[in-house]
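Working notes, structure below.
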Amino acid sequence: MVGDSRHPFVLDRERFDALGTETIKMLASYLRALPNEPVDRIVPEEVRQRLISLPLPEYGQSPEEILDFLRREIMPWPIATGHKRSYGWVNSPPAPISLLADAIASTMDCGLDGFDHSAIFLMKSLGRWIMELVGFPTEGSLCLLLSGGSSATLNALTTARHRAAARDGWNLRTEGLQGGRKRLILYASAESHSSIQKCAEQLGIGTDHLRAIETEPDFRMKPPALRTAIEADLQAGHLPFAIVACGGATNTGAIDPLDEIADIAAAFDIWLHVDGAFGAWAALDPSYRDRFRAFSRVDSVTLNPHKWLQVPVDCGALLTRHPEAHRAAYSLTPDYLEAGHSEAPWPYEHMFQLTYGNRALKVWAAIARLGRNGVAELVTRCNALAKLLEQRVRETADLELLAPASLSVVNFRYRPTAHAMDDPALDDLNGRISEAISASGKAHIPTTRVHGRIALRACFLHYENDESDVEHLIALVRRLGFELGRR
Ligand SMILES: Cc1ncc(COP(=O)(O)O)c(C=O)c1O
């Protein structure tokens, strides 16, 4: 507070206009420059060292110095997801309007945990919007905005576990898992996301009680195998408590046969959760809509605004048909928070966290900007680009399709026509192609394994992706494949 007795934050507030204008200029030039920057930018060694060894300042710095530091040392080194030729992680770029809405949420600093402020009421509409978009029943349902797909699914499975225990005559909240009760069993496709295994571990179920249900060659769960597993567990005296079906596998985009799985869940009265963190938005694509018809009768769905909706990390939405079951599993109101409830449900009563960020504004802003038609156009276009890439791979002699396009994902590899190569050599070559593409700065396409083979995995999610990206990717893979394959 040199020369002024007021607190530095008070001073900053008075100068907020100028600081804000400067910050917006930085953001604008970042976004403008992004398409022409290398897609993958590796943090140089000297920057890494500087960033990990910053001394704690004894005295505060000026806001200008702080902004300058962020401009020089932080902003040049992002991960690739904002760039339209980043085909890797299932994370979309941030919609500009959502960035701005997020700044408003931070400025107001009203947590979305509870109490009657504007965003709590907005959440009611936003939850209904998301449900209407993907065809989830709105009546009596609840939408929670958590940190991501993992936490949304964990919330649903915690509630399902509590409900199953209660139906079996015990209170999981008082007795815990130590009462020598029946073994709780969870079912999920062998292709399900790693977060499902983490949930089983976190919930104290243990991976020994997570049944990895066999899949078809196209990576979709085999419903008869699910039925057999449940019957065997019931026979053994266990307590099946939830099924997680895949609403778009990360690796391959595979969608489990939700209708058949819903029939089985209904027959055994087991909670059915759909992990649609990535794929559930595709319920808006007419060519995929039928595959998600079962949303009308599942218990809960995870879907991530930070995946396909172009919302900046983080946000995973949970749609549930059973708000009361969530309250039973979670609600705990300390004396100091007792207050009358309004008609808007307070999220903290339905989840683990108490204080948590207002993710509603950025999600609402993205949907408000696009409308139903805009979201549908986005997912439909991304899926169509994946189909186009599949077709281009099929008709190109030195490319090989490893899994058909599903949703916006395609797995393929480069395979030279001039000479034969076995699988290990092709694995090595395609790994090097992926690395060379990153090093070129022209795209980012990671590898994964499909039926044990290394694949180049392309996933389209960017609001600016178009046919030219498909042609660019094909040409890049072939050129680098040819050069590396020759050596
Ligand atoms: C299908 C699927 N489920 C769950 C997750 C986990 O979501 P998050 O990373 O938001 O926790 C992901 C994303 O990585 C995913 O693709």
Side-chain angles (χ1 to χ4, degrees), residues 79-81 86-94 98 130 134 143-158 186-203 210 212-213 215 219-221 242-256 258 261 272-283 288 291-292 295 298 300-319 351-353 356-357 359 362-363 366 379 382-383 386 403 406-411 444 446 448-450 457-461:
I79 56 166
T81 47
S86 168
Y87 305 114
W89 303 292
V90 190
N91 280 125
S92 51
S98 291
I130 296 175
V134 300
C143 171
L144 297 169
L145 297 181
L146 295 109
S147 63
S150 310
S151 53
T153 297
L154 183 62
N155 183 295
L157 295 182
T158 305
L186 176 62
Y187 305 83
S189 130
E191 288 294 314
S192 63
H193 189 262
S194 56
S195 56
I196 311 305
Q197 178 179 331
K198 274 203 182 175
C199 285
E201 294 168 5
Q202 185 88 17
L203 288 168
L210 167 59
I213 307 298
T215 58
F219 310 104
R220 288 150 39 87
M221 189 199 282
I243 301 164
V244 180
C246 225
T250 319
N251 229 20
T252 58
I255 304 164
D256 285 341
L258 301 182
I261 295 171
L272 174 55
H273 177 75
V274 178
D275 177 9
F278 156 45
W281 302 101
Y288 283 94
R291 310 250 205 116
F292 294 96
F295 276 2
V298 304
S300 52
V301 172
T302 288
L303 75 172
N304 275 7
H306 74 209
K307 290 208 181 294
W308 220 336
L309 196 59
Q310 325 286 303
V311 167
V313 282
D314 57 12
C315 188
L318 176 69
L319 308 181
M351 60 197 292
F352 175 69
Q353 254 182 289
Y356 81 112
R359 302 182 175 107
K362 60 185 179 181
V363 179
V379 292
C382 290
N383 291 338
S406 184
L407 300 177
S408 69
V409 181
V410 188
N411 283 286
H444 171 94
T448 186
R449 277 188 190 276
V450 175
R457 177 182 163 284
C459 181
F460 297 94
L461 285 178

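Each residue takes its place number in the sequence, starting with 1. Computed from a predicted model, the values in this text were never measured in an experiment. Counting starts at 1 for both ligands and their atoms, in listed order.
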(message) Using the rule side-chain contact (heavy atoms from CB on, under 4.5 Å), only one of Phe292, Trp308, Tyr288 pairs with Trp281; which is it?
(response)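 With Trp281 as partner, side-chain contact (heavy atoms from CB on, under 4.5 Å) holds for just one option, Trp308.
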
(request) Would you check if there is a donor-acceptor pair between the side chains of Thr215 and Ser189 at a distance under 3.5 Å? (result)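 No, no side-chain donor-acceptor pair sits under 3.5 Å.
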
(message) How long is the straight-line distance from NZ of Lys307 back to CG of Asn91, given to the nearest 0.5 Å?
(response) 5.0 Å

(message) Are there over 12 heavy-atom neighbours, none belonging to Gln202, within less than 6.0 Å of that residue's CD?
(response) no

(message) Would the distance check show the side chain of Asn251 and the main-chain N or O of Glu191 forming a donor-acceptor pair, the cut-off being under 3.5 Å?
(response)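 Checking the backbone N and O of Glu191 against the side chain of Asn251, no donor-acceptor pair under 3.5 Å is found.
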
(message) side chain to side chain contact (heavy atoms under 4.5 Å, CB included) for Arg291 and Leu407? Distances and angles first, verdict last.
(response) CA-CA 11 Å; Arg291 310 250 205 116; Leu407 300 177; over 6 Å; no

(message) Just to be sure I understand the cut-off, which residues have at least one non-hydrogen atom under 4.0 angstrom from an atom of ligand 1?
(response)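 Ligand 1 pocket, heavy atoms under 4.0 Å: Gly148, Gly149, Ser150, His193, Ser195, Gly248, Thr250, Asp275, Ala277, Asn304, His306, Lys307.
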
